[in-house]
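Just below is one structure, and these are the notes that go with it.
Fair warning: this is a prediction, and the values are worked out from it, not measured in the lab. All residue numbers refer to positions in the sequence shown, counting from 1. Counting starts at 1 for both ligands and their atoms, following the listed order.
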Amino acid sequence: MSKVIVFGSLNMDLSVGCPRVPEAGETIIGSGFLASPGGKGANQAMASARMGALTHMVGAVGKDVFGTRLVQSLVEAGVLCERVRALKDVPTGTATILRAKGDNRIVVDPGANATTHADVVCSAIDDVAEPGDIFLTQLECDLDTTMDAIAYARESGLYTILNAAPAAALPSDVYQSIDLLCVNETECQALTDISPDTETGCMRALMAFSARGVATTVITLGARGSVALIADDMYRIDPFEADAVDTTAAGDTYLGALAAQLSQGMDIIDAMKWASAAGALATTRAGAQRSIPTFEEVRRLLA
Ligand code: ADP
């Protein structure tokens, strides 16, 4: 059994409901304030640990109450956080969310997440990883750091997974260092200009990533499930039925579960089934980390 090393963001999500978005200079009364641990890196690490993988988190928070809470949340889920630095003079990353009906507005302040440079990630890899371990990352930290870290992880013999979220233009040479690329519909469209809304669109987009040098690509399609290109063949994993109430962190849960199952030696198709079941369960509960299911819940759904 290998380990999962996640390099990525830790954010406190601060969200408040409001009857409408306030005008410039206006103050309005809202309700239902929630401060909940999130950040794509942290969410994926939590999902990986909940699925039973030995999971290390690499990242940074501020030396403040949000940072303490975020690390505590991961530790409680079994994530090893020795490589999460708590930094003075920089705030923990936050996402400030105005929940107005049908018109959510979000401002992300990366804070400490932006301060991690490649040397820190590379030395974490040197210290905790062994060849065959899984390196999982996303695009919420510094882009150059992330690209350098992927290349270093690959050179060190790790299996590299990039969740290209949120969408950002990537340097063309990174694709060859990615063993498994995972994108959702929006990210797929942004990176290839191809919409995966039809079978043909999925195939064309998957082939486009393959032509850039990615070994295996997975596209998640929300309630339509997910597809993958494996050695020139397209595989479709049907979604599990879910009474979806909030799709926040469905993608993160999918990624964490996928990485965890691959680390336990499962083949990619079976790992995608696990990830789909975990993603479906995450939509049945509100919030980010609080919606991530346990191993037992996923096992029951699969059975
Ligand atoms: P993201 O959150 O990154 O946009 P998706 O919405 O594509 O990611 O969701 C990731 C995975 O979670 C999907 O591939 C699917 O397996 C599962 N999922 C998401 N939404 C639903 C849903 N409404 N019903 C069932 N499964 C879902």
So does [X] pair up with [Y], basic N to acidic O under 4.0 Å?
X: Asp127; Y: Arg83; value: yes
X: Glu296; Y: Arg299; value: yes
X: Asp179; Y: Arg154; value: yes

For ligand 1, which atoms, with element, lie under 4.0 Å from some heavy atom of [X]?
X: Gly251; value: 1 (P), 2 (O), 3 (O), 8 (O), 10 (C)
X: Asn184; value: 1 (P), 3 (O), 4 (O)
X: Leu221; value: 7 (O), 14 (O)
X: Gly279; value: 12 (O), 17 (C)
X: Ala244; value: 23 (N)
X: Thr283; value: 19 (C), 20 (N), 21 (C)
X: Ala280; value: 17 (C), 25 (C), 26 (N)

Shortest protein contact, [atom] (heavy atom only):
atom: atom 25 (C) of ligand 1; answer: Phe240 O, 3.1 Å
atom: atom 11 (C) of ligand 1; answer: Tyr254 CD1, 3.7 Å
atom: atom 13 (C) of ligand 1; answer: Gly222 O, 3.4 Å
atom: atom 23 (N) of ligand 1; answer: Ala223 CB, 3.6 Å

Flag if over 12 foreign heavy atoms under 6.0 Å of CE, Met207: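 Open: at most 12 neighbouring heavy atoms sit under 6.0 Å from CE of Met207.
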Within 6.0 angstrom of Arg204 CZ, more than 12 heavy atoms from elsewhere: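 Open: at most 12 neighbouring heavy atoms sit under 6.0 Å from CZ of Arg204.
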N or O pair under 3.5 Å between Pro239 and ligand 1: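 No, Pro239 has no N/O under 3.5 Å of an N/O on ligand 1.
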Any N or O of Ala242 closer than 3.5 Å to N or O of ligand 1: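 There is no such contact.
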Nearest atoms (heavy-atom pairs only) where Leu262 meets Ala271: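 In this case the closest contact between Leu262 and Ala271 is CD2-CB, 4.0 Å.
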Side chain, backbone, both or neither: the part of Thr220 lying under 4.0 Å from ligand 1 by heavy atom: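 Both backbone and side chain.
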Heavy-atom gap Gly225 to ligand 1 smaller than 4.0 Å: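 Yes, Gly225 has heavy atoms under 4.0 Å from ligand 1.
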Parallel, tilted or perpendicular: ring planes of Tyr175 versus Phe209, cut at 30 and 60 degrees: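 Ring orientation, 0 to 90° scale: tilted.
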Ring centres under 6.0 angstrom apart (Tyr254, Trp274):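 No; Trp274 has its ring centre 6.0 Å or more from that of Tyr254.
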Evaluation steps, side-chain hydrogen bond (donor to acceptor under 3.5 Å, both in side chains), between Tyr152 and Asp126: CA-CA 10 Å; Tyr152 188 76; Asp126 287 343; 2.5 Å; yes
Residues Ser15, Asp13; criterion side-chain hydrogen bond (donor to acceptor under 3.5 Å, both in side chains); working and verdict: CA-CA 6 Å; Ser15 115; Asp13 294 345; over 6 Å; no
